[in-house]
Amino acid sequence: MSRLAGNNLRLRRGARAILNGIDMLVVTGEVVGLIGPNGAGKTTLLRALASLLPVDAGSVTLDDAGVDTLSATERARRIAYVEQSGTAAWPVSVVDLVGLGRLPHGRGLQRQSAADDAAVLTAMRATGTDALADRSIDTLSSGERSRVLLARALAGRPEILLLDEPVAALDPAQQLAVMELLQRLAGEGMGVIAVLHDLSLASRFCHRLVLMHEGRVLAEGTPDAVLRDEHLARAFAIQPLRGAADGQAFVLPWRRLK
Amino acid sequence: MRAMPALLLACAAFSALSLCMGPHGFAPGIVAQALAGEETGRLILIELRLPRLLLGLLVGGTLGLAGATLQGLFRNPLAEPGVIGVSGCAALGAVIAFYTGVSTMLPLGLPLGGVAGALIAIMVLLALASRDPRISTLLLAGVALSALASALTALALNLSPNPYATVEVVFWLLGSLSDRSLEHVFLALPFILAGGALMLACGRGLEALTLGEDTARSLGISIGRLRRLAVIGVAFAVGASVAVTGAIGFVGLIVPHLLRPLVDHRPAPLLLISIPGGACLTLAADIAVRLIGGEVELRLGVATALIGAPFFLYLVLNLARRAP
């Protein structure tokens, strides 16, 4: 079992504390939803966990060893990161783009091995992008592109998957498909942190939620424990509508609080 | 890489044609004379046409490779060796060598000044880039350096007390492969080989950079190392090229753009095929300026600029149309 942890992470930009002593943990086998209003520091936290952003204080550890003790390649093999609205500079084909996920496993510029090809195909099938394999990335819809970028991360077969708003550009059916996929990946032994804005998806599909507000963790735990009225009022200034279906509780943003 | 054999074949054909070209048009007789063992023919072939051919291959290949490297690094099809200020500073270095008299004291003073200028440009860029690692900063710093270099070059020409010297420098700045010796080839060769090797080592990083800096770094690529490899490689190879031939613009812009579809738009294989691609375009243009002939030879740099500048404009308009 692997565990990625951010410990007491702090980052200031000028007078503003963007990360103000954040602790964050994900272990393999769980989907953690990172929620919070715009500007709460979710993307910054995700980038810090992915070692893309130096923090002022605190540490990021993978299995209790500092990630900075790992080589860049080793870290890339174990932790994958998908940025929000990533764009390709060149109109490469989907299969070549997904193949980039194999770079940390590669030996220079040699041709991809059979194992690489298999990993790429598996990732494309899991995300439903195999039919797009030969399409150029710039001919895809934003939803298709999001799934291709997710496939790119899965192709590396990471232990930890960090996703910044993976369902933001997707239609409702695709949102459900991706959340189900994340659950399945966790079931297969991956640890997932996903930045989400949709509270009902977060409550239904995540094992745990972390609610950020103004650079701090406002609440953390099971969806029921985090999505309480007082937390939603403080973080989002909303009153939710609650319901239940198929034995599962759901939460909808219903009314803005004055 | 299916295009590689065809490009190498085209290179061989242009090379043969280039050896058959005299300064004022097609003159294959010299080659026949040289092959027959005649001294004059041999001298013309070895002393004039061979250096011209070799420089065309080396400088053309360098410009193609450097263009592909910079476009991959900047994730921008408009990047070009001139953009990061290397060509401009190399030209300025050569002009300074001329002014200080180094070029008259040393037979190769002018080219050495060019290499020095390119190296200084790179040191300034690296110092700036170490403060702010974003690639856009490097691009803007290159634009600023280019502007500064051309201003200082213009100042030097403006204040020149010697009109003959001014004319000589201006003609050198126009860029040409003519009247170069094997000495020029040997001066540039080690820089071009070292720079070329550094640029070719960027392939993996440039592939990863397709999806931006964050994704590349998450794939285990050190952006700092990639940038150093690319920038120093370009400085060495292009600095030495500009030093011996003057600035031959736009080859690095046109070649990667035309060849990119042949490698499915992937940055790493584009590096390799841009070498013969650049050599082919440069040799073809150099053959064309000799075919056109005339009293005064059209300078190669002028010819490539006449083709390249409208092409640059076309690319900009095309990008503007495709932008959301």
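These figures come from a predicted structure and were not determined experimentally. Below, chains carry the letters A, B, ... as their sequence lines are ordered, and counting in each starts from 1.
- Chain B is approached within less than 4.5 Å, heavy atom to heavy atom, by no residue from residues 28-38 of chain A.
- Between atom CG of residue A:Leu97 and atom NE2 of residue B:His265 there is a gap of 13.0 Å, rounded to the nearest 0.5 Å.
- By a heavy-atom distance cut of under 4.5 Å, A:Leu149, A:Arg152 are the residues of residues 140-167 of chain A near chain B, going up by number.
- For residues 55-97 of chain A, the set of pairs meeting the ring-ring contact (aromatic ring centres under 6.0 Å, His included) definition, not counting sequence neighbours, is empty.
- For A:Ser136, no part lies under 4.5 angstrom from a heavy atom of chain B.
- Contact residues of residues 60-76 of chain A toward chain B are A:Ala72, A:Thr73, A:Ala76 (heavy-atom distance under 4.5 Å).
- Heavy atoms only, all atoms of each residue included: B:Asp214 and A:Arg47 are closest at OD2-NE, 2.7 Å.
- The distance from the NE2 atom of A:His105 to the CG atom of B:Leu219 is 9.5 Å, given to the nearest 0.5 Å.
- To the nearest 0.5 Å, atoms CD1 (B:Ile221) and CG (A:Leu103) are separated by 6.0 Å.
- Looking at A:Ala88, both its backbone and its side chain come within 4.5 Å of chain B, counting heavy atoms on both sides.
- Heavy atoms of B:Pro267 lying under 4.5 Å from chain A belong exclusively to its side chain.
- Heavy atoms only, all atoms of each residue included: A:Leu53 and B:Arg217 are closest at N-NH2, 4.2 Å.
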